[in-house]
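Each remark here refers to the structure printed beneath this line.
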2 protein chains.
Amino acid sequence: MADTGAKMVEPIKAIPEPTLRRLPMYYQYLKRMHEEKKLKYISCTQIGNDLRVQPIQVRKDLQVANAVGKPKTGYDVEELIGIIESFLGWNNSTDAYLVGVGNLGAALLGYEGFNEYGLNIVAGFDTNEQKIGKEIGGKKVLNISKLADMINRMSIKIGILTVPASVAQEIADVMVKAGIHAIWNFSHVKIVVPPDVIVQHENLASTLGVLSKKLAMALKAKVAE
Amino acid sequence: MADTGAKMVEPIKAIPEPTLRRLPMYYQYLKRMHEEKKLKYISCTQIGNDLRVQPIQVRKDLQVANAVGKPKTGYDVEELIGIIESFLGWNNSTDAYLVGVGNLGAALLGYEGFNEYGLNIVAGFDTNEQKIGKEIGGKKVLNISKLADMINRMSIKIGILTVPASVAQEIADVMVKAGIHAIWNFSHVKIVVPPDVIVQHENLASTLGVLSKKLAMALKAKVAE
DNA sequence: TAGATTGTTAATCGATTAACAATC
DNA sequence: TAGATTGTTAATCGATTAACAATC
């Protein structure tokens, strides 16, 4: 097709979610290889071997992220890091509020590593008077009554939900009404939101389910021996 | 085939991992429905509607877990809970040690909810003298030098790895050598273990990758409007 | 009985893997 | 150049969904 000079609209090809879940793994790995080994180029074979992923799958995934490699030499590590970073939108950080400063909430609030993934948790919110006003990892814990107003005023994009199941929907509703764009839901209930709000559900019990079943089968097999 | 009277060995049909990841969701949901609504029977349609899963998929998943329903009435909620529980091996709890009592490690150690999923974290281990001897949620934090001996002596089945990437493999090696059966790996590196040891990798960055990309695309679409 | 729901078999869809061409 | 590695197109595999039969 001849270039008509008109601005081409990128065809919106769906990005496979498994790919989206693997890219962060590559990213973490590449950063380590870059910092520790000062590696300049890397091949899909090596990435695949180290991360136990089929090399061809690595190549496909990187292709999705718009990476371009050189035959015979592989991919430029530094460039690749940058490409994944900008593909996932991790090159500039997004502000988030966390609601529910319990065990898990406090851990996430205090975790410094999220900055690496473009996530900046600005503050925590809770109902517990004991916690309000305190700081965790330099992040203030505020009264939940201020949540809606502050999401709105600070144009917060991401809400992290670490509250008990019983109030998850209620808090989600407040977030949505205040204009949040995405919710990272650590509660054990499926929350209902309008279609334009992104919800990503994180449930440790799911992984634990896989682990438990595999373990149960392995132990059973051992007994049967 | 006629029943020969010989003990039938169940055919080892592979269980789809997506199913294994959804079963805990159903489990959590059913328990809520049972406790709060005192519901006696439930249909796949209702489960599917509430959890945003195709009803037919719910039925398939429950079938994998060996659940049997009654046409027209659905599944007996209490029975179903029990079936999923025993299918995942959550009816009797498995002891686990947690290594690395940082932010996340401490949160997991202090989290009471795991008992519901057949996981009993017995103790934590760390190298930090400040932490050793302390208790978190009633669980002792012990010196990591005792890890191998205690895994062995107490026949601990599951190791939870919440250590920095730099030492993850090293600790995993200790666990494996001491006879651990499964490792729940929260570190950011892929650890290498013998084929008979089960490893389940939990990486928040993966979910965050999906969330970030979806958010980036949504915001881009909004700007393009 | 009629109809809702489960159970089962078949069709579809999408992700992974394989095969091969292009290229440095 | 030869060969290793990327890039691309095709085949396979497995999970999801659809269609329909069975049953309470």
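Note that these values count all heavy atoms, side chains included, but never hydrogens, waters or copies made by symmetry. Order of the sequence lines sets the chain letters (A, B, ...), proteins ahead of strands, with each chain counted from 1.
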Are any non-hydrogen side-chain atoms of [X] and [Y] less than 4.5 angstrom apart?
| X | Y | result |
| --- | --- | --- |
| A:R22 | A:L51 | no |
| A:Y29 | A:Q46 | yes |
| A:Y27 | A:I81 | yes |

In this structure, how many angstroms lie between the [atom2] atom of [N] and the [atom1] atom of [X], rounded?
| X | N | atom1 | atom2 | result |
| --- | --- | --- | --- | --- |
| B:L62 | C:dT6 | CG | P | 9 Å |
| B:D61 | D:dT17 | CG | P | 10 Å |
| B:I56 | C:dC13 | CD1 | P | 16 Å |
| B:E17 | D:dT16 | CD | P | 11 Å |
| B:Q57 | C:dT6 | CD | C1' | 16 Å |
| A:Q63 | C:dA15 | CD | C1' | 14 Å |
| B:R59 | D:dA19 | CZ | P | 14 Å |
| B:K60 | C:dA11 | NZ | P | 13 Å |

Under 4.0 angstrom between A:Q54 side-chain N/O and C:dT16 OP1 or OP2 =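 A:Q54 to C:dT16 OP1/OP2: no side-chain N or O under 4.0 Å.
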So, is B:R22 near the phosphate of D:dT16, with a side-chain N or O under 4.0 Å from OP1 or OP2?
->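 Yes, B:R22 has a side-chain N/O under 4.0 Å of OP1/OP2 on D:dT16.
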Residue pair A:V197, A:M175: steps toward the side-chain contact (heavy atoms from CB on, under 4.5 Å) verdict = CA-CA 10 Å; A:V197 175; A:M175 287 179 169; over 6 Å; no
5' precedence on DNA chain C between B:G69 and A:P16 (nearest-nucleotide basis) = B:G69
Kindly say whether A:T162 contributes a backbone atom to a donor-acceptor pair with the side chain of A:S187 at under 3.5 angstrom?
->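 Not a single qualifying donor-acceptor pair exists.
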Are A:D61 and A:T19 close enough that a side-chain donor and a side-chain acceptor fall under 3.5 Å?
-> yes
Using a heavy-atom distance cut-off of less than 4.0 Å, which residues of residues 70-88 of chain A contact DNA chain C?
->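 Contacting residues: A:P71, A:K72.
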Nucleotide forming a Watson-Crick or wobble pair with D:dA11, both distances under 3.5 Å = C:dT16
Is there a Watson-Crick or G-U wobble partner for C:dA22 with both distances under 3.5 Å, and if so, which one is it?
-> D:dT5
Could you check whether the rings of A:Y117 and A:W90 sit parallel, tilted or perpendicular, using 30° and 60° as the cut-offs?
->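 Tilted, since the angle between the ring planes falls between 30° and 60°.
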Among C:dT17, D:dA15, D:dT17, the nucleotide that comes nearest once only the side chain of B:P18 is considered =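 Nearest listed nucleotide: D:dA15.
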